[in-house]
**Q** 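Mind looking over this structure? Questions follow.
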Amino acid sequence: MVPVIINKLLTLVNLISFVSIFVSASCVVAFFHTLSLPLLLFGCQHLQRRIVGFFTHLYWGIIVGYADWIGQYRLDLVADDDTVRDFNKHNSLWILNHRYQVDWIGLQMIGKYFGILENMKGVGKHSLLCLPVVGWTLFFNEFILVKRNLTQDKKIIEKNLASLSTIKDPFAFIIFCEGTRFTKEKHEASMEFAKKHDYQQLQHHLLPRTKGFQILSNGMKSFVPYVFCATICFQGDRDPTLVDFLNLRPIKGSMIIRRIPISQIPEDEKECGDYVRKLYVEKDQLCEFYKKNNRFPTDSWKQLENFKSIEMKRSISSLCIICGWLVFFVAFAFFLYSLEGINTASIFIGIGAIISVAIFAFVAVLTIVNTYSSYGR
């Protein structure tokens with residue numbers, strides 16, 4: 001009984017420490033992101049992006065550090081040599097399946113492993129801009145935030161693509177074509193839609209929304225040479241959750257990535273839609289095989305015959321990021337405490353209020369993702 005209580009207490013301490021560091025760091029990062037804005041007035045856009053990327057790396061590196069050194073999140077990468085070689089050398093458009101709450105963590109681990117964590121971008125809801133800290137971080141990292149209105153979103157995407165085309169450092173732009181995370185209710189609605197339009201049924205995924213991808217791929221063809229089709233699967237009888245990750249429960253998975261020249265993506269809306277749906281049929285087959293065998297069919301699929309598994313080793317730099325934030329916050333607290341003639345208690349109350357707002361934003365994001373996102377909305 002006593003060991004169980006001690007284990008639960010240690011888990012709670014880990015959870016509180018992680019959330020406190022993450023939300024506190026988000027405030028610091030948002031502050032320095034804001035300080036970089038005047039550089040744009042002097043035409044120093046590349047330098048401003050470098051500064052934003054540096055602090056973004058320190059921010060998202062906390063997630064990777066927690067997964068690597070505190071949590072029990074383990075991920076293997078399955079790819080061929082050409083794909084691995086091009087990870088951080090060219091701009092890329094990624095299609096990742098969105099069945100799990102923790103799939104994005106694996107994506108960040110791969111970004112950290114290959115040195116592109118600070119240049120990973122994607123698509124999100126425009127309403128996220130209203131959330132303190134979280135929305136600002138997405139804004140400064142040039143995420144495309146859409147309103148779920150095709151007419152308005154097309155203009156938003158085209159404007160953002162013009163900006164993305166000026167980025168000098170290689171970036172990875174990630175899109176979840178399903179538009180929302182997998183649930184039983186959403187899957188039933190999705191398959192009803194597929195049946196109505198005579199599309200092939202999927203067992204492990206929602207039917208992809210293809211119009212956004214078609215606009216993105218057409219708009220990126222002049223500055224993005226490859227599309228990376230990524231499929232992530234996890235072992236076990238049930239899908240791992242964010243609560244599992246925070247509670248240090250073992251999470252073991254693999255991500256297989258196939259490189260596709262973007263020139264092979266059809267430009268026509270219908271043809272592109274059929275192409276993406278075909279990719280998702282293949283993703284579904286990969287997941288079905290993985291569920292039964294805890295691996296991908298690299299020995300039985302001809303198109304995967306040159307693929308190999310790469311163990312994602314723990315990153316020393318991610319450990320340094322976590323330790324660095326700890327040292328920073330402890331030193332900052334001692335500095336405030338040592339100040340004379342200043343109401344230290346008021347300062348700590350103010351900092352506590354800021355952290356509370358950040359925690360609220362953190363919880364609000366999870367609520368929006370898990371509650372208000374639905375297929376077809």
Side-chain angles (χ1 to χ4, degrees), residues 22 25-26 29-30 33 36 46 48-68 73 75 77 79 83-98 100-125 128 133-146 157 160-161 163-177 181 212-213 216-217 219-220 223-232 245 253 255-259 262 312 315 317-318 321 365 369:
F22 186 74
S26 66
V29 168
H33 280 175
S36 71
H46 180 62
Q48 189 265 348
R49 281 171 168 160
R50 280 289 182 92
I51 293 173
V52 168
F54 173 77
F55 285 102
T56 298
H57 187 105
L58 295 181
Y59 180 48
W60 291 121
I62 298 173
I63 300 286
V64 179
Y66 187 88
D68 278 344
Y73 192 121
L75 185 73
L77 170 66
T83 301
V84 173
R85 184 191 64 229
D86 289 331
F87 266 149
N88 56 1
K89 293 183 173 60
H90 304 284
N91 296 335
S92 55
L93 174 61
W94 289 56
I95 308 177
L96 180 65
N97 60 321
H98 195 26
Y100 312 95
Q101 292 183 12
V102 296
D103 44 28
W104 58 276
I105 297 173
L107 196 60
Q108 290 190 332
M109 293 174 70
I110 287 179
K112 176 66 177 172
Y113 187 83
F114 288 99
I116 57 172
L117 179 61
E118 63 271 27
N119 287 319
M120 299 184 82
K121 310 178 188 301
V123 179
K125 294 180 180 179
L128 292 175
V133 181
V134 175
W136 307 335
T137 302
L138 298 179
F139 170 77
F140 280 108
N141 282 278
E142 299 180 81
F143 274 61
I144 297 180
L145 303 176
V146 296
I157 292 174
N160 280 268
L161 288 179
S163 177
L164 290 174
S165 67
T166 64
I167 297 177
K168 296 181 180 180
D169 297 319
F171 67 81
F173 192 93
I174 296 93
I175 180 172
F176 301 103
C177 286
R181 185 176 53 80
F213 176 79
L216 282 171
S217 60
M220 288 184 172
F223 58 94
V224 172
Y226 297 112
V227 171
F228 287 158
C229 183
T231 303
I232 189 169
F245 173 69
M255 182 184 292
I256 187 167
I257 304 176
R258 293 173 288 169
R259 188 187 66 167
I262 200 169
M312 305 287 291
S315 169
S317 61
S318 66
I321 287 175
V365 169
V369 169

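Everything numeric here is computed off the predicted structure, so don't read it as measured data.
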**Q** Quick check: closest heavy atoms across Cys177 and Ile95, and the distance to 0.1 Å?
**A** SG-CG2, 3.9 Å
**Q** Contact between Ile144 and Leu216 at the side-chain level, heavy atoms closer than 4.5 Å - yes or no?
**A** yes
**Q** Check the pair Leu93 / Phe213 against side-chain contact (heavy atoms from CB on, under 4.5 Å), numbers first and verdict last.
**A** CA-CA 10 Å; Leu93 174 61; Phe213 176 79; 3.5 Å; yes
**Q** Going by the angle between their ring planes, with limits at 30° and 60°, are Tyr66 and Phe245 parallel, tilted or perpendicular?
**A** perpendicular
**Q** Checking Phe87 now: which residues fulfil side-chain contact (heavy atoms from CB on, under 4.5 Å) with it, not counting sequence neighbours?
**A**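 Scan of Phe87 (side-chain contact (heavy atoms from CB on, under 4.5 Å), adjacent residues dropped) gives Leu77, Thr83, Val84, Trp94, Phe114, Phe228, Ile257.
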**Q** Quick one: does Tyr73's side chain have a donor or acceptor within less than 3.5 Å of a partner on Gly106's backbone?
**A** yes
**Q** Once you round to the nearest 0.5 Å, how far does NE2 of His46 lie from CD1 of Ile51?
**A** 10.5 Å
**Q** I want to check something: taking the side chain as every heavy atom from C-beta on, are Phe173 and Val123 in contact at a cut-off of under 4.5 Å?
**A** yes
**Q** Of all the heavy-atom pairs spanning Gly53 and Glu118, show the shortest one and how long it is.
**A** O-CB, 3.0 Å
**Q** If I compare all heavy atoms of Tyr100 with all of Ile232, which pair ends up nearest, and what's the gap?
**A**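 That closest heavy-atom pairing would be CE1-O, 3.3 Å.
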**Q** Under a 4.5 Å cut-off applied to non-hydrogen side-chain atoms, are Lys168 and Arg50 in contact?
**A** no
**Q** Taking all heavy atoms of Leu117 and all of Gly61, pick out the closest pair and write down the distance.
**A** CD2-N, 3.8 Å
**Q** With sequence neighbours left out, what residues match Leu138 under side-chain contact (heavy atoms from CB on, under 4.5 Å)?
**A** Leu128, Phe143, Leu145
**Q** About how many Å separate CE of Met312 and CE of Met255, when rounded to the nearest 0.5 Å?
**A** 8.5 Å
**Q** For Met120 and Thr56, what are the C-alpha separation, side-chain angles and deciding distance, and is it a side-chain contact (heavy atoms from CB on, under 4.5 Å)?
**A** CA-CA 10 Å; Met120 299 184 82; Thr56 298; over 6 Å; no
**Q** Checking His33 now: which residues fulfil ring pair (Phe, Tyr, Trp, His ring centres under 6.0 Å) with it, not counting sequence neighbours?
**A**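 If we apply the ring pair (Phe, Tyr, Trp, His ring centres under 6.0 Å) test to His33, skipping adjacent residues, the hits are Phe140.
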**Q** Tell me if a side-chain donor or acceptor on Asn119 pairs with a main-chain N or O of Ala172 at a distance below 3.5 Å.
**A**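 Side chain of Asn119 to backbone of Ala172: no pair is present.
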**Q** I'd like to check the side-chain contact (heavy atoms from CB on, under 4.5 Å) partners of Ser318; sequence neighbours left out, ordered by chain and number.
**A** Val64, Asp68, Trp69, Lys112, Ser315
**Q** For Ile105 and Leu75, what are the C-alpha separation, side-chain angles and deciding distance, and is it a side-chain contact (heavy atoms from CB on, under 4.5 Å)?
**A** CA-CA 10 Å; Ile105 297 173; Leu75 185 73; over 6 Å; no
**Q** Write down the atom of Leu96, the atom of Ile174, and the distance for their closest heavy-atom approach.
**A** CB-CG2, 4.5 Å
**Q** Rounded to the nearest 0.5 Å, how far does CD1 of Ile256 lie from OG1 of Thr231?
**A**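 Spacing of OG1 (Thr231) from CD1 (Ile256) equals 7.0 Å.
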**Q** Less than 4.5 Å apart, side chain to side chain, heavy atoms only: is that true for Met220 and Leu164?
**A** yes
**Q** Does the pair Phe55 and Trp60 meet the rule for a side-chain contact (heavy atoms from CB on, under 4.5 Å), with working shown?
**A** CA-CA 9 Å; Phe55 285 102; Trp60 291 121; over 6 Å; no
**Q** Ignoring hydrogens, what is the shortest heavy-atom contact between Leu58 and Ile321? Give both atom names and the distance.
**A** O-CG2, 3.3 Å
**Q** Which residues pass the side chain to side chain donor-acceptor pair (under 3.5 Å) test with Thr137, not counting sequence neighbours?
**A**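 Scan of Thr137 (side chain to side chain donor-acceptor pair (under 3.5 Å), adjacent residues dropped) gives none.
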**Q** Would Asp103 and Arg181 pass as an ion pair if we require N to O under 4.0 Å?
**A**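 No, Asp103 and Arg181 are not salt-bridged.
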**Q** Just verifying a value: how many Å separate Ile63 CD1 and Leu107 CG, rounded to the nearest 0.5 Å?
**A**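 It comes to 12.5 Å.
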**Q** Please examine the side chains of Lys121 and Asn160, heavy atoms only from C-beta on, and report whether any two atoms are closer than 4.5 Å.
**A** no
**Q** Once salt bridge (Lys or Arg N to Asp or Glu O under 4.0 Å) is applied, what residue pairs with a partner in residues 134-144 remain, sequence neighbours excluded?
**A** Arg49-Glu142
**Q** Hey, are Gln48 and Ser36 close enough side-chain-wise for a donor-acceptor pair under 3.5 Å?
**A** yes
